[in-house]
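Everything below concerns the one structure shown next.
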Protein chains: 2
Amino acid sequence: MNLRDLHYVIAVADHAHFGNAALACCVSQPTLSGQIAKLEQELGVEIFSRVGRAVRPTEAGEQIIAHARRAVAAAQDVVDCARANRDPLSGRLRLGVIPTISPYLMPYVLPAAAEKLPNAPLVLVEDKTAHLVPLVIEGKLDAAIIATQEDAGELASLDLFDEPFWVAMPPNHPLVASRQVKPADIDPKTLLLLTDGHCLRDQAAELCGNPQTGQGVMADMRASSLETLLHLTAAGHGVTLVPQLAVECGRVETDRLVTRPLAGGAASRRVRLIHRLRSPRTRALVELARTIRASLPEGVRKLQSSSD
Amino acid sequence: MNLRDLHYVIAVADHAHFGNAALACCVSQPTLSGQIAKLEQELGVEIFSRVGRAVRPTEAGEQIIAHARRAVAAAQDVVDCARANRDPLSGRLRLGVIPTISPYLMPYVLPAAAEKLPNAPLVLVEDKTAHLVPLVIEGKLDAAIIATQEDAGELASLDLFDEPFWVAMPPNHPLVASRQVKPADIDPKTLLLLTDGHCLRDQAAELCGNPQTGQGVMADMRASSLETLLHLTAAGHGVTLVPQLAVECGRVETDRLVTRPLAGGAASRRVRLIHRLRSPRTRALVELARTIRASLPEGVRKLQSSSD
DNA sequence: CTGCGCGATTGTTCCAGCCTATGGAATTGG
DNA sequence: CCAATTCCATAGGCTGGAACAATCGCGCAG
């Protein structure tokens, strides 16, 4: 057996297609077919069932593929580790960020990171938490910035900051009169939410008394981005919760939209940098976390990392 | 890079000697030296520092070796997984057992296991918990039977049974009069303990009010095995705690030694079968656990596995 | 100083893995 | 129902790299 063989197996599993997998591996299709066949013979188990046109992993194959992924990831760690030891702070950092943070946080972070980590260019991937976490676990991302607590045993996290929520509403809304808004003041029926899968959606729904399903909330008005949500709010369709950084960036407070801080200790979310346990890039990531904390605007509660 | 290269690295790390490592890998020394050199050049990092006669890992090497071990273990999992899928219940099971359980439990287990798992010969390794756990994590053992709670994130455990403690004392001891002995009745100063590292030592010391250090206990009388401990007790040097299975086996209750059950709910220890999370042998291990529970004599509390 | 232990170097052999070309099975479309 | 297409498997030749044996060179010990 060979690491290359395992790469081939993973490629076939990912593409469900020998030709495309071969393309991705930069080898010819017969080469890849041959190696897979050799490996299957060596293991005495069929990894993929080629029935008709479809290529699917067998039951045994599923397990084998999972172990193969771990082996390949560990081998990649060896390489990353070597590079990190030549210069711990050099080398591309692939960073996932959730959509409700990325556009508002990265403008602060990118210049600071370029200065503090000049040899570690950031490659950003914007997606929802549920998509980012497996990518981090698989080692396809070095880290991710998310706003939920993730407890997969293979992850570690660095706290970045607590981001309070604000309420955004049209200028003629009755709550404009108060300096602060209590969650209970918000009529769930008028609360506008993001589409499913955004953690901000769940957090807003829970805060305003609509745990999980967001039942009672205007289900027919779900925006796919925070920007859309704000446009809907400005157009008078309801009120919405906005995380502080989105308020800070200034595009929110216009003459068509008013924001008020949300009262209460729980009215904020903890933003974290998660990465794999034992990631070879840990040192660079600790430095990145430090840089992020330092580049934050006033108004979000900065946290100390235990290693500082 | 290559899985073989990683094997070579691990062998050199384990032997601290190129020649012996080559021998262990069944290749010539030049081959191994060459591959290590090639890998170091490829990674751009020196893995081993050859200063004078000594071969030691560099700082970077330590990390690389650790990742290499994970990669090789995962690759081995692929092989094990394939075998397990051909016949889940076949293939050698390498089982660690702590010394205060092994000689008393295995006589029950071995015949039963030979019958229920005829194609899975048990290879026993007897050692203290602290030595067994890393072997299990590294994949050098498939599982281990221990009597403490281990919380390494990479381990799973199957509960086997609760083993009550008994008190062993010479026939002329005043406590012989009572049917049961309360932990508080035992004078810590007369309590004989095993040497450091045996979990039974810690458990006995804690039960009888000498947390951890066992302070106040006769420090100059520490036996390296339970058998020795019993001989000391019979010779009138004090009293000692004996786990139930050691009592059951009959060698304890002689005319020179009397045993009484220890009262109280906490006067027992939970015996578990631990194994790596995602071990390819999980199915065989579940069957082994079931077999062990079924082969136990009366008197130890049998537990149900959640999967039964 | 000399012998020995041990890792590095050198040169040759040979096999594993790669490619191109082709075969064959299954699905699709007319 | 047949032809075209798609896709994986097989065949055969070529090449790079891993293996070995032999040797070198260095550092330590007596």
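Side chains are part of it too, since the values below use all heavy atoms of this structure and drop only hydrogens, waters and symmetry mates. All values reported here derive from a predicted model rather than from experimental measurement. Letters go in sequence order (proteins before strands), and every chain restarts at 1.
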field: For B:R83, salt bridge (Lys or Arg N to Asp or Glu O under 4.0 Å) partners two or more places apart
entry: none
query: Taking CD from A:Q41 and P from D:dT10, how many angstroms apart are they, rounded to a whole number?
result: 10 Å
message: Run the salt bridge (Lys or Arg N to Asp or Glu O under 4.0 Å) test against A:R281 and tell me which residues pass, sequence neighbours left out.
response: none
task: Using five base pairs at each end, measure the axis-to-axis angle across the helix from C:dC1-D:dG30 to C:dG30-D:dC1 and round it to 10 degrees.
output: 30°
query: Can you list every pair that meets salt bridge (charged side-chain N to carboxylate O under 4.0 Å, His left out) and has a residue in residues 59-73 of chain B, with sequence neighbours left out?
result: A:D77-B:R70, B:D14-B:R69
- request: Compare side-chain N and O positions of A:R50 against OP1 and OP2 of D:dC7 and report whether any pair is under 4.0 Å apart.
  value: no
task: Rounded off to whole Å, could you give me the CG-to-C1' distance for the A:L23 and D:dT6 pair?
output: 15 Å
message: Is it the case that atom CZ in B:R56 sees more than 12 heavy atoms from other parts of the structure closer than 6.0 Å?
response: no
Mind listing the side-chain donor-acceptor pairs of residues 1-12 of chain B below 3.5 Å, one per line with the distance, residues two or more places apart or on another chain?
residue: B:N2; atom: OD1; partner: B:R4; partner atom: N; Å: 3.1
residue: B:D5; atom: OD2; partner: B:K38; partner atom: NZ; Å: 3.0
residue: B:H7; atom: ND1; partner: B:L3; partner atom: O; Å: 3.4

- request: With a 4.0 Å heavy-atom cut-off, tell me which residues in residues 55-83 of chain B come close to DNA chain C, sorted by residue number.
  value: B:V55
task: With sequence neighbours excluded, give me every side-chain hydrogen bond (donor to acceptor under 3.5 Å, both in side chains) pair touching residues 87-96 of chain A.
output: A:R94-A:D142
query: To the nearest Å, how far apart are B:L39 CG and D:dA18 C1'?
result: 14 Å
- request: Using the test salt bridge (Lys or Arg N to Asp or Glu O under 4.0 Å), find all partners of A:D196 that sit at least two apart in sequence or belong to another chain.
  value: A:R201, A:R222
statement: Separation between CD1 (B:I101) and CD1 (B:I145), nearest 0.5 Å, reads 7.0 Å
- line: Atom NE2 of A:H15 and atom C1' of D:dC7 are separated, to the nearest Å, by 15 Å
query: Does any pair with a residue in residues 120-131 of chain A pass side-chain hydrogen bond (donor to acceptor under 3.5 Å, both in side chains), and if so which ones, sequence neighbours excluded?
result: A:S102-A:E126, A:D127-A:H131
- prompt: Could you write nucleotides 16-23 of chain C as a row of B, S and -, 5' to 3', where a protein heavy atom under 4.0 Å of any base atom gives B, of only sugar-phosphate atoms gives S, and otherwise -?
  reply: -SSBBB--
- request: Return the set of residues passing salt bridge (Lys or Arg N to Asp or Glu O under 4.0 Å) with A:E138 (not counting sequence neighbours), or none when no residue passes.
  value: A:K140
- request: Could you state the atom-to-atom distance from CZ of B:F18 to P of D:dC20 in whole Å?
  value: 16 Å
- request: Kindly write out the residues that satisfy side chain to side chain donor-acceptor pair (under 3.5 Å) with B:S279, not counting sequence neighbours, or none if the list is empty.
  value: none
